[in-house]
Number of protein chains: 2
Amino acid sequence: MYKKILQQHNISVTKQRVILLEILDKVQKPITIEEIRLHIKGDINVTTIYRSLKKLVDVGIIYQTDFRDGVSYFEFQGDNHHHHITCVECKSRDHIDICITDESLSIAEKKGYSVTNHIFELFGLCKECSKQS
Amino acid sequence: MYKKILQQHNISVTKQRVILLEILDKVQKPITIEEIRLHIKGDINVTTIYRSLKKLVDVGIIYQTDFRDGVSYFEFQGDNHHHHITCVECKSRDHIDICITDESLSIAEKKGYSVTNHIFELFGLCKECSKQS
DNA sequence: CAATAATTTGCAAATAATTTGCAAATATGT
DNA sequence: ACATATTTGCAAATTATTTGCAAATTATTG
């Protein structure tokens, strides 16, 4: 299954890439490289992880984002593309099933850009943390 | 003027913060800490720059974002809030005068979050770079 | 306006994420 | 199966960002 995805995007099918995809598909949320490593049975070199994920992001198979804590997060979104809202206090995170508007896309296109990728993240206070402050 | 802004947000008015605001207001585009340092006549300690910018971001005076090149970018947006599209090839950058939709805000609120901040960045190919590939 | 409290700064050193260069291994196309 | 292109692993380097602490600056209170 993951083999197919890689082939469809015209990149080599390697053991390491398949493993990474399996992990990301299983956890279904954005995780860091450190967390990914904990899921790997056996071992994949860190450098390889960085490079493989970069490739997967470049071809659009996975979504890379950052939540402003100094680390990159990676997520396999499959058919269910979405973004997130993160509590700046407790770091809890939830999905937001909404994305770029056609309007912003067309504005970008008018400026001569073809959009291939995006980051969209909300930050705020969750219900719990709102109470406390 | 910058003094007033700082006061309105209830944070101390320091020479360093005013200088940083002046710089960001002058350049009117997202710049890195390295670039900021080039604009500083005299000297502000790097640590101070990091901490001051973080504060300015926290209170919402400036916008922090990242374009996936491993560095943070900071921008004073004043009254003219906007986002960007970045060419993944030549790194050219343009404004996108569009922001979060009310719809995504209300979805977040339904989940119990009050949104205080956001990142929204588009990536793609500019006109020039599209031709070449 | 002076005195005290609270916040911020500068410095040097530490931390931690990410990248590089290169040789060996693996995948792909014919 | 062969030749070519791509990817991997390793060790070491790089670089952005953070920490702890004492001194300096800013805000607050009487």
Legend entry - Distance test, side-chain N/O of N45(B) to OP1/OP2 of dT9(C), below 4.0 Å: no
Inset, instruction - Using whole Å, report how far CG of D58(B) lies from P of dT8(C). - result: 11 Å
Inset, instruction - Return no unless some side-chain N or O of R51(B) is found under 4.0 Å from OP1 or OP2 of dT9(C). - result: no
Legend entry - Nearest-Å distance for atom pair CG/P, residues D66(A) and dT17(D): 11 Å
Inset, instruction - Send over the distance from I11(A) CD1 to dT26(C) P, rounded to a whole Å. - result: 19 Å
Legend entry - Spacing of K54(A) atom NZ and F74(A) atom CZ [to the nearest 0.5 Å]: 10.0 Å
Legend entry - Base partner of dC21(D), which must satisfy Watson-Crick or wobble distances under 3.5 Å: dG10(C)
Legend entry - Selected nucleotide, minimal atom distance to Q16(B) side chain, candidates dT9(C), dG20(D), dT7(D): dT9(C)
Inset, instruction - Determine, using ring centers only, whether H95(B) and H83(B) are less than 6.0 Å apart. - result: no
Inset, instruction - Can you figure out which of dT8(C), dA12(C), dT20(C) approaches the side chain of K55(B) most closely? - result: dT8(C)
Inset, instruction - Starting from P on dT26(C), measure out to CD1 on I44(A) and report it in whole angstrom. - result: 14 Å
Inset, instruction - Say whether, by atom type as modelled, one donor and one acceptor occur between the side chain of Q77(A) and the main chain of H82(A) under 3.5 angstrom. - result: yes
Legend entry - Closest listed nucleotide, where the reference is the side chain of S72(B) and the choices are dG10(C), dG9(D), dT17(D): dT17(D)
Inset, instruction - Could you state the atom-to-atom distance from CD of Q7(A) to C1' of dA27(C) in whole Å? - result: 11 Å
Inset, instruction - To the nearest Å, give me how far apart NZ (K3(B)) and C1' (dT26(D)) are. - result: 11 Å
Inset, instruction - Could you let me know what dT30(C) is paired to, Watson-Crick or G-U wobble, both distances under 3.5 Å, or none if it's on its own? - result: dA1(D)
Inset, instruction - Take the protein atom CG of N10(A) and the nucleotide atom C1' of dT28(C), then report the distance between them rounded to whole Å. - result: 11 Å
Inset, instruction - Measure from the side chain of T14(A), starting at C-beta and using heavy atoms only, and say which of dT7(D), dG20(D), dT8(C) lies closest. - result: dT7(D)
Inset, instruction - Just call it for S12(B): base, sugar-phosphate, or nothing, with non-hydrogen atoms closer than 4.0 Å on any strand. - result: sugar-phosphate
Legend entry - Whichever of V71(B) and K15(B) has its nearest DNA chain D nucleotide further upstream toward 5': V71(B)
Inset, instruction - Look up atom OG1 in T101(B) and atom CD1 in I98(A), then write down how far apart they are to the nearest 0.5 Å. - result: 4.5 Å
Inset, instruction - Test T65(A) against every option in H84(A), E121(A), E75(A) by the side chain to side chain donor-acceptor pair (under 3.5 Å) rule and name the one that passes. - result: E121(A)
Inset, instruction - Evaluate the side-chain proximity of L53(B) to L24(B): yes if any heavy-atom separation is below 4.5 Å, no if none is. - result: yes
Legend entry - Proximity to the side chain of S52(B) - top-ranked nucleotide from dT9(C), dT8(D), dT8(C): dT9(C)
Inset, instruction - Check every atom of dA11(D), dT18(C), dT7(D) against the side chain of I33(A) and return the nucleotide holding the closest atom. - result: dT18(C)
Legend entry - Integer-rounded Å distance: dT8(C) C1' and I49(B) CD1: 14 Å
Legend entry - Per T47(A) side chain, nearest of listed nucleotides dT20(C), dT18(D), dA16(D): dT20(C)
Inset, instruction - Between dT8(D), dA16(D), dA11(D), spot the one nearest the side chain of Y50(B), thanks. - result: dA16(D)
